[in-house]
Number of protein chains: 2
Amino acid sequence: MIRISKQADYGILILGHFAKEAGETILSARELAERTRVAPPMTSKVLKNLARGGLLESVRGMRGGYRLTRHPEDITIGEIIVVMDGPIAVTECAPDEPAVSDCAQEPWCPVRGSWQRLNDAIREALNRVTLAEMTCPVADPVGSFAGHEDQADV
Amino acid sequence: MIRISKQADYGILILGHFAKEAGETILSARELAERTRVAPPMTSKVLKNLARGGLLESVRGMRGGYRLTRHPEDITIGEIIVVMDGPIAVTECAPDEPAVSDCAQEPWCPVRGSWQRLNDAIREALNRVTLAEMTCPVADPVGSFAGHEDQADV
DNA sequence: GAATATCGGACTAAAGTGGTCCTCTATCTT
DNA sequence: AAGATAGAGGACCACTTTAGTCCGATATTC
């Protein structure tokens, strides 16, 4: 199954709660754990990662917590996933990557060079959606999504 | 890291070899293992899955093997990934899915309902690229990919 | 200086994945 | 008819990744 990690999932969820607050609001790990219903240790872990990734700013000490470093409209889902899960690359076999040097396929690989465009396509899809849009249930940045079309696999 | 499984990777690679051949060519597991440099048992496993998924047709018995059921132009990468890895869903929390019923977030989740559009975006990106395009190094269905631009993460 | 938060990292357990192997069935060749 | 070849199907194991927890240290406020 192609999917993002649960940590990235939590990350988006948590940032979503920040997005709902006024700009500079500080929220603590404890408070966010309650709001999100994610276990406190896990919430802390995710917050730490988000802070390290520069998406949140931490305020230490009593009455401390975290706050957004940017406006929700300027944070993309792709960015959050990168911070939590690392670079978005659908496969290891991509040009410029070290792995390619010991790729047994190299000269015969019929799809060599095409992974890049696939990765780009996914990255673009993920970067087209902002945190602000995620928290706003009516906005529709991607395409037609009018309520109730069926979702076939694929 | 967000990525597809190695099996899906192999699947695309193997189908790529079929795509290079004339339409009805039959290739055996042994032969494909040699061409792709993927270990024979693994090659077999992938081929079986591709056949079960309807992308390949098997010919049993001596001088048997597999052949494409469709033209490479009509097979999308998204389809291959679905066959190998299951449905493309970036998160478990999506409407219409059973998991949503016991989602502790439900009423408070700030991003509820927005996952769908994200999944759709990725599915579309993956379905826009066909097997034929993957094997043809010059075609460019997605966007600018002129040889050598650097790839920043994201 | 006591209480409250984050920081950083170690650690465990569970799940998923990659990969192999074995038995059975179908088909072709001789 | 018999033997050889090739796929079907599934069990199985090892390894990696991930989820999740916990602890000691540091910073800040009251």
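Chain letters run A, B, ... following the sequence lines, proteins first and then strands; every chain starts at 1.
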Q: Kindly indicate, with the supporting measurements, whether the criterion side-chain contact (heavy atoms from CB on, under 4.5 Å) is fulfilled by B:Arg128 and B:Glu133.
A: CA-CA 10 Å; B:Arg128 204 162 26 207; B:Glu133 286 159 350; over 6 Å; no
(Q) Looking at A:Leu68, is its backbone amide N or carbonyl O close enough to the side chain of A:Arg70 to form a donor-acceptor pair, meaning the two atoms are under 3.5 Å apart? (A) no
Q) What's the CD1-C1' distance between A:Ile26 and D:dT29, to the nearest Å? A) 13 Å
Q: Could you check how far CD of B:Glu31 sits from C1' of D:dT5, rounded to whole Å?
A: 14 Å
Q: Using whole Å, report how far CD1 of B:Ile81 lies from P of C:dT17.
A: 13 Å
**Q.** Heavy-atom donor-acceptor pair, A:Lys6 side-chain to D:dG20 base, under 3.5 Å
**A.** no
Q.
Tell me the interatomic distance from B:Asn49, atom CG, to C:dT17, atom P, rounded to whole angstroms.
A. 13 Å
(Q) Side chain of A:Met62 only, heavy atoms from C-beta on: which candidate in C:dT6, D:dA19, C:dA3 is closest? (A) C:dA3
Q: Taking only the side-chain nitrogens and oxygens of A:Arg52, find out if one of them lies under 4.0 Å from OP1 or OP2 of C:dG9.
A: yes
Q: Side chain of B:Arg63 only, please: which of D:dA19, C:dA5, C:dC28 is the nearest?
A: C:dC28
**Q.** Nearest listed nucleotide, side chain of A:Pro41, among D:dA4, D:dC22, C:dG19
**A.** D:dC22
Q: Rounded to the nearest angstrom, tell me the gap between atom CG in B:Leu27 and atom C1' in D:dG7.
A: 14 Å
(Q) Tell me whether A:Arg35 contacts the main-chain N or O of A:Ala33 through its side chain, where contact means a donor paired with an acceptor under 3.5 Å. (A) no
Q | Which residue lies more 5' along DNA chain D, comparing A:Arg60 with A:Lys48 via nearest heavy atoms | A | A:Lys48
Q) Atom CG of B:Leu47 to atom C1' of D:dA8: distance rounded to whole Å? A) 12 Å
**Q.** Single-linkage hydrophobic cluster A:Val59~A:Leu55, side-chain heavy atoms < 4.5 angstrom
**A.** no
Q.
Can you tell whether the side chains of B:Asp120 and B:Arg123 come within less than 4.0 Å, N to carboxylate O?
A. yes
Q | Atom-pair distance (CG on A:Leu50; C1' on C:dG8), nearest Å | A | 16 Å
(Q) Does D:dA6 have its OP1 or OP2 closer than 4.0 Å to a side-chain nitrogen or oxygen of B:Tyr66? (A) no
Q. When all nucleic acid strands are considered with a 4.0 Å heavy-atom cut-off, which category describes A:Ala51: base, sugar-phosphate, or nothing?
A. nothing
Q: Verify the contact: side-chain N or O of A:Ser5 to OP1 or OP2 of D:dT17, cut-off strictly under 4.0 Å; return yes or no.
A: no
Q. Where each residue is assigned the nucleotide of DNA chain C containing its nearest heavy atom, which of A:Ser58 and A:Lys45 is assigned the position nearer the 5′ end?
A. A:Ser58
